[in-house]
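Atom set for the values below is all heavy atoms of this structure, side chains included, hydrogens, waters and symmetry mates excluded. Remember, it's 1-based here, ligands and their atoms both numbered in the order they're listed.
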Amino acid sequence: MGTYARLSSPEGPVWVRALDRALVARSASELYDKVRSDTVVAGAPVVGDLLAPAEPTKIVCVGLNYLHHAREMNKAVPDEPLLFLKPPSSLLPPGGVIELPPSSNLVHHEGELAVVMGARARKMDPTDALACVLGVTCLNDVTARDIQRREGRYTRGKGFDTFAPCGPLLWTGVDPHALHVSTHVNGALRQESETSDMIFSVSEVLSFVSHIMTLEPGDIVTTGTPSGVGPLVDGDEVIVTLRHPDRAPLELTNRVRAAS
Ligand code: MG
């Protein structure tokens, strides 16, 4: 089990050991190979800003993957995972500011468990899927709910710049089915669930996605949000937290600001 961060540096983004910011790898693929072969060797510490711990060519998302969330949205439970994409340009680092677009009057938080891929994955069986995962982190699938409802499409309402805060750190070597995810706004609990309560497990989702599109190292698959989604307004602080019994929690903190 390890905890890693991705930092900016003069030579470009690098992966470091979270404990001491010691340089470990220059790509998700390289970090995956070192973690899998147990040959992580840390170099000199890096001074830089935290980035989202991923290098996505795409952010694959699952809708309605918790029973209580499907009910609160008045939606039937899907027979298969409901997929959509967020553009990589929506990615926001931990501590970054979520900008509320003037074209929406109702922006919601959706705190989620996100999986970051370490190896190219295509047509995987569910039993093999976790072997291609580099690690897990938090993601906030920020959504302009009014636009999503009005259009019945997800691309615009979920695709704004800053609508995919992700991080702060990456856990390797944890079972993604045995975590607790929660969301707080201004300190008040809004959402929480065990990840074991998903309708389609992480393994099933990854297998399903990989039969449609090749997953590349650094890609993000975010696994759906529990019930309790609600509005974000100017000045809010939103925190998505991932808990594991043996680790200090991961807390993804972002401020919210109305775009000027
Ligand atoms: Mg979502």
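- Around the Mg ion (ligand 1), protein N, O or S atoms at less than 2.8 Å comprise E110 OE1, E112 OE2, D141 OD2.
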TODO: Would you check, one step at a time, whether the test side chain to side chain contact (heavy atoms under 4.5 Å, CB included) holds for M117 with L134?
DONE: CA-CA 5 Å; M117 303 304 294; L134 173 61; over 6 Å; no

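- What you find for G118 and P217 is that their closest heavy atoms are O-CB, 3.5 Å.
- Remark: D219 pairs with T57, K58 by the side chain to side chain donor-acceptor pair (under 3.5 Å) rule, at least two apart or across chains.
- Evaluation of the salt bridge (charged side-chain N to carboxylate O under 4.0 Å, His left out) rule for R156 yields E151 as partners, not counting sequence neighbours.
- V14 approaches S9 most closely through the heavy-atom pair CG1-OG, 4.0 Å.
- H69 meets the side chain to side chain donor-acceptor pair (under 3.5 Å) test with E72; sequence neighbours excluded.
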